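Being a predicted model, the structure only gives us computed values, none of them experimental. Reckoned from all heavy atoms, side chains included, excluding hydrogens, waters and symmetry mates. Chain letters run A, B, ... following the sequence lines, proteins first, then strands; residues in each count from 1.
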Amino acid sequence: MQAKNIIEVIVDVPTMQTDRPYDYSIPEDLKDLIQPGMRVQVPFGSRNLLGYVISDPKATTDFEGELKDITALLDDEPVLSPEMLALGKQIAAENFCFLVEAYHTMLPNLLKVDYDKYFLPTTSISYREHAQYFSDFNEISWAEAEEKGYLADLIKLKKDNKVSIDYRVEDRKRYKTEKWVQPLMGFDQLEDELQNVRKTAKKQLALVEVLMELDGKKVSAKYFEEFDIHMATLKAGAEKGWLSLFDQPVNRDPYANIVIEKSEKLQLQAQQERAFAAVKTAMDAQKDEVFLLQGVTGSGKTEVYLQLIQEALDKGQEAILLVPEISLTPQMVNRLKGRFGDMVAVLHSQLSTGEHFDEWRKLKNGQAKIAVGARSSIFAPLHNIGLIILDEEHETTYKQSDNPRYHAREVAKWRANKHGCPVILGSATPSLESRARAQNGVYTLLEMPERSNHQALPPVELIDMREEFRHKNYYQFSRKLRDEMQATMDRGEQVALMLNRRGYANFMQCRDCGYTFQCPNCDVSLTYHYHNKQLQCHYCGYNAARPQTCPQCGQTHLREFGTGTEKVEQEINELFPNKTVVRMDMDTTRRKGSHERMLKQIADKKADILLGTQMIAKGLDFPNITLVGIINADTSLYLPDFRAAERTFQLLTQMSGRAGRGDLSGQVLIQTYNPDHYALTLAQHHDYDTFYQTEMRYRKLNQYSPYFYTVRFTVSNFDDHTAMATAAKVAHMLREANVAGTKIIGPAQSTISRVNNQYYYQLLYQHRGNQAIHQVLQAIQDRAQNWSKDKIYVSIDVDPMTFM
DNA sequence: AGCACGCCGACT
DNA sequence: GTCGGCGTGCTC
């Protein structure tokens, strides 16, 4: 039998032509080390690239040419488990993305690599040339050559074989280290040393004494700080031979300096107990059952999660808890850390790449057993998962909006199946898709209709803003909301105000001629930002200083239209001059830790009013907030998206749930121009069931999800006509395939038809989910390979969450 | 993607 | 004659 010294590698070139395994031979010295799931460096063409080993060693290859050797191994153990290797294939196939892309998103960024190119002199280079381009060195990087203007010359020398190019792969993987101290002398020796130290060298005397106490034990250099002994003294000690300093790899801990209150296990109430028992039964039976836990806001879902996670730990298993956007739910993280301490690893986008890598590593090597985080945490490198939870399962952030366009819910089900464990989908307002599956018995429905503090859900009032206008009230605030804010704050309680800004732009217009300021690269209005007096494009980032005169008519009567958080904040300052406002939106929360700081201000009652965009609707739990006001409820209602009503209903219900979470009763005021729309009236009455039924009728009538599946194609090109014509070709291919029960909508211009000077067309394909569909989609994907050569890009989004 | 190879126009 | 433009096709 032949030796098995060939392996399959996926190379780091995200294109259609290279989206397949390449065979490489294993050099003798790596033979016993190489395993599937490891990262390797391979020669590919004239370059060196990162690759993922995806197969066990095999004896034969179909490749006709001569196999190349793997250049180097980048890991000492696999970074992708066999489960992950299989999962990547599944994701790539279902979402029409490249396999490398799938593997990349499953791993922390630190495991990506940088590519560098270096020029090296060969033996045929002249002394003169060497001196000119390399001076005293034996290499020069491509970037440096470019900077110094040598690039053209060096490329010429390359042609004459006077220099060669070295393609390097630089692993970004770095371990953080700390200085540690290894005592080198025993007690008696140190005692002798004590005599040799000058009596005035107080620090050194102290150091010797501490070392004597350590009795040979290794400790961190930090340990000496409490004796006021610092690095200079330790270095002196090392020179005298008392100790040696070495680098100890440590985990970066983003929560190191944060004090977390211990959270105690609570007594479960009857409805929680029922949900707990149902999931525990599935866990005991190792069944991959999916539960839809539908509990009203404040019903105590989190406590159920925590106790079930405890169950998993007790069995020696691990758990994953997904939240929509972790930086918005610090309270959830605190509760988990308070209950489970170091067992929790938190993964989210505001961590540095190094911190993220270390949290990931803790999960991989078993130091932590609970993964908490946003969407990508579903790929947590755990080995024996006992439970997966998606909190607020209806949130659209669970679907990634660019490649690979996976949905965390689907990945969760896939992993649950592999691990034989249940999945909990938790929400007060489940997505229609999930609720329909629960209705059909595909998921098990668990209901928690009561609030745990036994407070009734807060009364909700709809305020007709058309009336306000008729009464010549031109503020963003209705008279009622103003009065109630005053009364609430007079009682020493707090107010939360939400501005529903989705799909809404602040724009600037000339009052004389009606000219509006548009982005030169995109078909959208520019948004005016008050704080830096700039007009900005929210799609391509274009910005310009606020003009003083109208470019069309030259007049100076320019005015900002629309409602932004900044403008509302100004009005609040006008109406309630001695109250403090905390404003939370994309602008004020960009910096690391700013969420926590702002929420702490509310928790400590240093502020009276919390004003924010929809980010404040999620997971906040402040007992002293008793009034919730929604400034403009209906801006999300008439978006070109069949889920517009569902989103509005979910948002209003969720925001209403922020009121009256403690012992004080709360109230909610919703300002609207559509007080009769069912999404609003049913949110007003906390009536999910009627909303579900009403909305399902509408979806059935119009053949939308969950009755039909949707695939969205987006075609883009710098030329308007080419983009349109290609979209028509896609439509043609779908029509030709002629699959029964399908429907084509479009092609049509995208809502924003031009972004960054690229024209966008989209096309929707509704189907009932049979195998023939996948073939058509694959055929279009294959055609797209040719189109991409002409810079025409076609993207396929299976079950899209947005239609903009 | 990036690079080599290859076939046509406008230069030292 | 040669240099260099970017179209085409390959990378184990």
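- With A/Tyr118 as the aromatic partner, A/Arg168 meets the cation-pi criteria of under 6.0 angstrom to the ring centre and within 45 degrees of the ring axis.
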Contacts table for residues 26-33 of chain A: side-chain donor-acceptor under 3.5 angstrom, sequence neighbours left out:
none

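- Phosphate proximity of B/dC3 to A/Lys117: present, with a side-chain N or O under 4.0 Å from OP1 or OP2.
- Not a single donor-acceptor pair under 3.5 Å links the side chain of A/Asp116 to the backbone N or O of A/Ser141.
- Of the residues A/Arg39, A/Met38, A/Glu8, the one that meets the side-chain contact (heavy atoms from CB on, under 4.5 Å) test with A/Tyr52 is A/Arg39.
- Contacts between residues 145-157 of chain A and DNA chain C, counted as heavy-atom distances below 4.0 Å, involve no residue at all.
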Per-nucleotide protein contact string for nucleotides 6-12 of chain C (B base, S sugar-phosphate only, - none; heavy atom under 4.0 Å): ----BBB
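- Using a cutoff of 4.0 Å between basic side-chain nitrogens and carboxylate oxygens, A/Asp797 and A/Lys399 are scored as salt-bridged.
- Within the 4.0 angstrom heavy-atom criterion, no nucleotide atom of any strand lies near A/Phe98.
- A/Lys158 comes within 4.0 angstrom of sugar-phosphate atoms only, judged by non-hydrogen atoms across all strands, and of no base.
- With hydrogens and angles disregarded, no donor-acceptor distance shorter than 3.5 Å links the side chain of A/Lys173 to the backbone of A/Val113.
- To the nearest angstrom, P of B/dA1 lies 17 Å from CD1 of A/Ile10.
- We find that CG of A/Leu49 is positioned 13 Å from P of B/dA1, with the value rounded to whole Å.
- The shortest distance between the side-chain N/O atoms of A/Tyr115 and the OP1/OP2 oxygens of B/dG2 is not below 4.0 Å.
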Stepwise salt bridge (Lys or Arg N to Asp or Glu O under 4.0 Å) test for A/Glu433 and A/Arg643: CA-CA 11 Å; A/Glu433 287 81 0; A/Arg643 290 193 181 90; 2.9 Å; yes
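- For A/Trp360 against A/Val79, the heavy-atom pair with the smallest separation is CZ2-O, 3.7 Å.
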